[in-house]
Amino acid sequence: MPSSSRSLTSLDPGRLRLPEKPALEGLEARWAPLWEETGVYRFDRTRPRSDVYSIDTPPPTVSGSLHVGHVFSFTHTDLIARFQRMRGKAVFYPMGWDDNGLPTERRVQNYYGVRCDPSLPYDPSFVPPSTPAKQPISVSRPNFIELCNRLTAEDEKAFERLWKTLGLSVDWALTYATISKRAQHVSQLAFLKLVKKPLARPFGNVVSRAYQLEAPTLWDVDFKTAVAQAELEDREMPGAYHRIRFSRVGGEGAVEIETTRPELIPACVALVAHPDDVRYQGLFDKYFETPLFRTLIRVRSHPLADPEKGSGIAMVCTFGDTTDVTWWRELTLPVRAIMQPNGTLGPIAWDSGVWDSLDPTGAQRHYETLVGLSAVKARTRIVEMLRENGALIGEPRPITHPVKFFEKGDRPLEIITSRQWFIRAVDIKHELIARGREIEWHPPFMRTRYEDWVNGLNGDWCISRQRFFGVPFPVWYPLDETGRTVYETPILAEDDQLPMDPSTEVPKGYRAGQRGQPGGFIGDPDVMDTWATSSLTPQIVCGWADDPDLFAKTFPMQLRPQAHDIIRTWLFTTVLRSHLEEDKTPWAHAAISGWVLDPDRKKMSKSKGNVVTPLALLEEHGSDGVRYWAASGRPGTDTTFDPGQMKVGRRLAIKVLNASKFALGAASPQGPIVAPVDRAMIRSLSHLVEEATAAFEAYDYARALQRTESFFWKFCDDYLELVKGRRYGEQGADGAGSANAALTAALSVLLRLFAPFLPFVTEEVWSWWQNGSIHVAAWPVVSELDSLLGESGDATSTTGTGEVTIAAPSISGTGDPRAGLPASAGTGESDQAIYEWATDVLFEVRKQRSEAKQPLKVFITKVIVKVDTEKSELMSLVDADLRSALRVRAFETTVGAPGEPREILVAGYEPAVPVVQS
RNA sequence: GGGCGGUUAGCUCAGUGGUAGAGCACCGGCUUUACACGCCGGCUGUCACAGGUUCGAAUCCUGUACCGCCCACCA
């Protein structure tokens with residue numbers, strides 16, 4: 001899509017505009033708005049699918065500010081996007097905001113000092129206090145959502161400013177928010193399709209892909225919501241083993257169990273030991289009673305019981321941990337639930353049949369002292385009672401053990417029976433593994449994490465959350481004549497009602513007045529897990545629900561970039577949804593970025609207080625400098641936060657400015673590239689183009705940068721010095737013409753190779769002498785350099801549109817263009833040798849001058865060079881350039897015997913101030 | 001307990017069968033008509049350890065140690 005019809009490597013002197021003193025300052029403010037105005041990053045949806053490169057951008061969570069880790073990983077994606085765009089792809093690069101979910105809710109609560117109380121009516125005149133009150137103000141759900149929308153809108157503006165300053169080449173017309181009507185529509189529609197769509201299971205029965213079930217669920221007692229397996233994390237917590245005696249019913253004897261949660265004794269439903277454990281084999285199916293409450297329980301056998309742990313016999317409660325759930329299910333045990341959703345022990349009628357106590361009155365008396373206490377307080381209390389009662393053997397032994405937490409929660413998870421919606425996953429593990437193998441992972445070993453996670457799934461995905469700010473389930477339930485909710489026959493919303501909220505909308509066939517009435521209906525009160533929406537980012541952004549043409553062009557997508565910590569959540573759930581909804585793999589590539597570590601090798605995070613404000617970094621080092629640091633982090637590799645690297649990047653950007661100013665500063669005359677050194681440099685540049693392109697194609701942007709940078713510094717320090725004198729005319733117009741043509745060509749290629757990394761400085765320099773944006777200029781190819789050397793079969797470059805590049809602009813031209821210049825050695829290999837030889841001589845002479853501590857203004861009278869035959873020929877080709885660059889009056893070349901080591905020897909220096917001969 | 005990465009110069013990291021590298025830092029020199037935000041040069045290594053394969057190993061294999069991460073049914 002190059003806008004110009006002329007060569008990208010030639011110079012139009014009339015177009016050239018060089019600044020007096022080029023500088024980095026202000027480039028972000030200058031170019032970011034211009035890119036937006038001119039739409040250089042707009043997705044062109046008229047292009048065929050084969051030309052499209054679509055990116056499933058991670059929507060950052062809108063719950064505060066972006067941090068340096070975001071800058072790091074989003075830069076990586078931008079590098080790929082810019083490369084693909086320059087290669088001629090129509091890049092589909094959207095930006096999303098994840099403003100749907102708990103983090104946003106929590107931020108809104110703290111920011112405004114409010115709490116959501118769904119029972120309150122909407123107050124249209126509510127205004128939050130300017131500073132949050134100490135006591136949170138209760139507001140209605142609509143008021144709360146208004147505040148969520150208000151705060152996220154402000155945050156998103158700030159995010160967009162940062163991304164634009166960083167130079168992300170996002171098409172800002174493709175912005176989406178996970179709480180938007182459009183995302184809600186996709187989310188609800190996809191959910192309903194799963195509910196209606198059958199799935200054949202291994203044993204032949206057919207079930208729906210999303211279903212609801214009343215079952216033990218992981219539960220956070222502070223947020224008062226169900227959470228999913230993927231949102232769990234372990235934390236090392238202090239605890240204690242309590243050894244407790246359970247007496248045999250109707251006879252002598254007792255067993256001792258060990259537990260860290262004695263407060264769950266009232267919820268005990270069995271004891272369990274390993275079937276092979278000889279200590280307990282005689283006790284299987286025998287009755288015991290719980291201490292204090294005297295509930296009848298039996299000893300059961302199950303292979304999960306570990307004879308090595310504790311006393312080898314465990315108490316099963318409903319529910320202490322996920323193993324309890326397994327035992328409860330597989331041994332068909334009763335439910336004796338005591339934990340309430342708020343994390344306190346609830347009231348129990350001990351004379352009801354469920355508890356099966358030998359002494360209901362005594363049990364009731366003991367239990368009353370626990371009702372309303374949290375787990376921790378109840379534990380203290382029950383230990384006192386057990387001690388008095390004599391059931392506690394010895395004293396509790398303190399330990400540290402891992403406890404499951406909701407990753408955003410503050411108290412250990414409980415397992416509470418509740419009705420939740422699930423998406424099926426466990427039955428299709430092998431299909432999900434197969435999907436993972438269709439994706440090309442960068443780096444490849446990240447696929448293992450995905451497979452480990454899928455293989456370790458122990459339940460379907462719970463997607464319902466008992467929260468407020470999220471996508472509601474588009475579902476109602478009928479109420480029967482007694483007012484009981486009939487969960488078995490949910491009323492699904494019609495597609496044309498979406499997006500909707502069942503707490504305000506009325507199902508077809510009902511009247512609003514029937515809400516909550518016997519014989520009427522009631523809306524599902526829950527919202528979806530934030531991942532239930534995020535897992536549909538491809539569907540949301542590609543127009544699955546409302547733009548089939550766009551969807552066909554962009555889905556499946558080419559790239560999912562993301563960090564490795566959310567493989568088990570975002571990546572996994574996206575694959576799952578795409579598989580269940582579309583029967584497709586959502587992307588061809590997954591590029592997994594690492595973390596930013598602080599110098600102590602810990603992940604940088606807010607809680608550790610070591611987060612640096614990204615905007616300040618961009619201001620201090622320049623966006624190009626920060627991008628340089630980010631680009632040095634290879635895919636999947638954690639990278640140390642290193643301002644030193646940003647400074648290096650900044651210096652590189654400054655060098656680009658100055659070298660460009662030099663290359664373009666005296667760029668006439670232009671002539672055919674005939675000088676051996678020039679041809680050698682161009683040849684070497686061809687190799688760089690090949691290498692950088694191959695690296696980028698393999699998603700190894702870091703290597704592409706490193707090779708380009710390394711070439712560029714040598715180009716500046718060696719090549720520019722070698723041709724400096726000649727380009728100013730020391731060897732005549734043709735020598736200058738060759739140097740200038742090579743300089744402008746090399747500059748053009750190098751700028752384009754740098755453009756993905758340093759978008760601001762390369763665009764700035766490009767604007768001095770080229771038309772259009774460098775970011776839609778063609779990525780350099782070897783053939784355009786071949787044609788400059790007059791060596792390609794056809795003198796055309798392979799640009800995106802196949803435009804013709806004129807091989808050698810002839811501006812100079814008096815007679816034979818090669819007159820007065822040494823003849824080039826011709827082939828590519830020889831060209832390379834010339835360049836290497838010249839830089840070897842540069843190095844040797846510089847070293848000797850440095851050791852002799854002679855300033856550069858002092859001329860070297862003579863350098864004696866002893867070489868083999870081949871090198872002596874090379875010497876004659878570069879003699880003049882070397883004399884000029886090194887300030888050497890003469891080289892004396894002698895040919896040594898075969899096998900004799902090469903020698904380069906500075907023979908002497910002229911006086912610093914030459915004596916004027918009379 | 002299982003798995004995945006890593007261990008190379010003081011620091012940050014490249015290098016995946018053929019003479020150990022870059023940048024930063026450090027030391028010395030240099031105002032050189034692009035750049036002192038610059039240039040030229042110098043110093044710096046049991047390539048974690050132990051075996052093995054090989055003519056040859058930082059690189060391949062086996063094991064060990066340490067660091068990080070992921071997972072696990074943690075009574």
Side-chain angles (χ1 to χ4, degrees), chain A residues 18 21-24 232 234 236-237 239 241-242 257-261 264 271-273 302-306 309-317 320-327 399-404 443 445-453 455-456 458 564-565 567-568 594-595 597 599 601-603 622 625 629 632-634 636-645 647-648 650-666 702-703 706-707 709-710 713 716-717 720-721 724 728 842-843 845-858 885-887:
Chain A
L18 282 186
K21 179 82 180 160
L24 293 183
L232 258 51
D234 285 353
E236 281 293 329
M237 298 295 287
Y241 277 126
H242 304 74
I257 62 108
E258 291 210 332
T259 180
T260 55
R261 300 203 59 186
L264 292 180
L271 298 175
V272 65
H302 194 279
L304 275 183
D306 183 354
K309 263 180 202 150
S311 59
I313 186 164
M315 128 180 127
V316 182
C317 304
D321 60 28
T322 51
T323 320
D324 281 346
V325 178
T326 307
W327 282 326
I399 53 157
T400 320
H401 64 152
V403 177
K404 289 205 184 308
F445 67 78
M446 286 296 179
R447 196 191 73 198
T448 311
R449 295 209 178 181
Y450 169 82
E451 294 191 355
D452 283 354
W453 177 253
N455 285 324
N458 57 26
H564 54 63
D565 54 336
I567 288 175
R568 68 178 187 174
W595 276 339
L597 307 176
R601 319 296 299 164
K602 297 272 183 270
K603 186 192 176 188
W629 159 76
S632 65
R634 311 182 109 73
T637 308
D638 293 345
T639 299
T640 310
F641 176 74
D642 187 359
Q645 280 300 103
K647 290 194 174 76
V648 172
R650 182 181 169 80
R651 279 205 283 272
L652 173 63
I654 291 167
K655 193 78 172 173
V656 167
L657 283 179
N658 288 314
S660 301
K661 186 185 163 200
F662 170 76
L664 299 170
R703 176 186 289 261
Q706 184 233 310
R707 296 301 153 103
E709 183 196 10
S710 169
W713 281 104
C716 290
D717 296 343
L720 294 187
E721 293 302 322
K724 194 176 274 182
Y728 285 130
L842 274 180
F843 174 78
V845 176
R846 281 168 172 171
K847 180 173 169 171
Q848 288 175 43
R849 181 192 284 277
S850 182
E851 283 164 358
K853 304 201 173 188
Q854 290 291 337
L856 197 59
K857 64 189 173 192
V858 174
L886 290 166
R887 305 213 173 186

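In what follows, every heavy atom counts, from backbone to side chain, and hydrogens, waters and symmetry copies are set aside. Proteins get letters first, then strands, A, B, ... in listed order; numbering begins at 1 in each.
Residue contacts for A/Ser311: at a heavy-atom cut-off of 4.0 Å it reaches no nucleic acid atom on any strand shown. Residue A/Glu709 is out of contact with every strand shown, counting any heavy-atom pair closer than 4.0 Å. Residue contacts for A/Asp717: at a heavy-atom cut-off of 4.0 Å it reaches the sugar-phosphate backbone alone, with no base atom in range. Residue A/Trp629 is classed as having no contact, given no heavy-atom separation below 4.0 Å to the nucleic acid. A/Thr259 comes within 4.0 angstrom of sugar-phosphate atoms only, judged by non-hydrogen atoms across all strands, and of no base. Within 4.0 Å (heavy atoms only), A/Cys716 reaches at least one base atom of the nucleic acid.
Applying the 4.0 Å criterion to OP1 and OP2 of B/C73, one finds that A/Lys404 has a side-chain N or O inside that range. Side-chain N/O atoms of A/Lys847 include one lying less than 4.0 angstrom from OP1 or OP2 on B/G42. Taking 4.0 angstrom as the limit, A/Lys857 places a side-chain polar atom (N or O) nearer than this to OP1 or OP2 of B/U31. Of the side-chain N and O atoms in A/Tyr728, none sit less than 4.0 angstrom from OP1 or OP2 of B/U33. Between A/Lys655 and B/C39 there is a side-chain polar atom (N or O) within less than 4.0 angstrom of OP1 or OP2. Between A/Lys724 and the phosphate of B/U32, there is no side-chain N or O to OP1/OP2 separation shorter than 4.0 Å. For B/G15, the OP1/OP2 oxygens have a side-chain nitrogen or oxygen of A/Arg703 closer than 4.0 Å. Regarding contacts with the backbone of B/G38, a side-chain N or O of A/Arg651 is found under 4.0 angstrom from either OP1 or OP2. Regarding contacts with the backbone of B/C71, a side-chain N or O of A/Arg568 is found under 4.0 angstrom from either OP1 or OP2.
In this structure, the side chains of A/Thr260 and A/Ile399 come closer than 4.5 Å at one or more pairs of heavy atoms. Using a 4.5 Å cut-off on side-chain heavy atoms (C-beta onward), A/Lys404 and A/Asp234 make contact.
B/C73 atom P lies 13 Å from atom CG of A/Asp306, rounded to whole Å. To the nearest angstrom, P of B/G5 lies 13 Å from NE2 of A/His564.
Here A/Lys724 contributes atom NZ and A/Glu721 contributes atom CD; the two are 4.0 Å apart, rounded to the nearest 0.5 Å. Here CH2 of A/Trp453 is found 16.0 Å from OG1 of A/Thr448. Values are rounded to the nearest 0.5 Å. A/Phe843 CZ to A/Gln848 CD: the interatomic distance, rounded to the nearest 0.5 Å, is 10.0 Å.
Taking only side-chain atoms of A/Thr448, from C-beta outward, the nucleotide of B/A36, B/C4, B/A34 with the closest atom is B/C4. For A/Trp453, whose side chain is taken as the heavy atoms from C-beta onward, the closest listed nucleotide among B/C73, B/G41, B/C71 is B/C71. You'll find that the side chain of A/Ser850 is closest to B/C40, out of B/C40, B/C70, B/A14. Closest to the A/Gln706 side chain, of the nucleotides B/A14, B/G23, B/C4, is B/A14. In this structure, the nucleotide among B/C30, B/G3, B/C13 sitting nearest to the side chain of A/Pro855 is B/C30. Ranking B/C35, B/C70, B/C40 by closeness to the A/Trp595 side chain, first place goes to B/C70. When each of B/A34, B/C40, B/A75 is scored by its nearest atom to the side-chain atoms of A/His401, the top-ranked nucleotide is B/A75. Taking every side-chain heavy atom of A/Lys21 into account, B/A36 is the closest of B/C70, B/A36, B/G41. Distances were taken from every side-chain heavy atom of A/Arg887 (C-beta onward) to each of B/U32, B/A34, B/A75; the shortest belongs to B/U32. Across B/A36, B/A75, B/G15, the shortest atom-to-atom separation from the side chain of A/Arg634 is found for B/G15.
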Taking it one step at a time, do A/Thr259 and A/Tyr241 satisfy side-chain contact (heavy atoms from CB on, under 4.5 Å)?
CA-CA 5 Å; A/Thr259 180; A/Tyr241 277 126; over 6 Å; no
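Taking the six-membered ring where the residue is Trp, A/His564 and A/Trp595 present tilted rings, their angle falling between 30° and 60°.
For the C1' atoms, the distance from B/C60 to B/C47 is 16 Å, rounded to whole Å.
If A/Leu842 and A/Met446 are placed on RNA chain B by their nearest nucleotide, the residue sitting closer to the 5' end is A/Met446. Residues A/Phe662 and A/Asp642 each lie close to RNA chain B; by heavy-atom proximity, the contact nearer the 5' end of the strand is made by A/Asp642.
Donor-acceptor pairing under 3.5 Å, judged by distance alone, is absent between the side chain of A/Thr637 and the base of B/G6.
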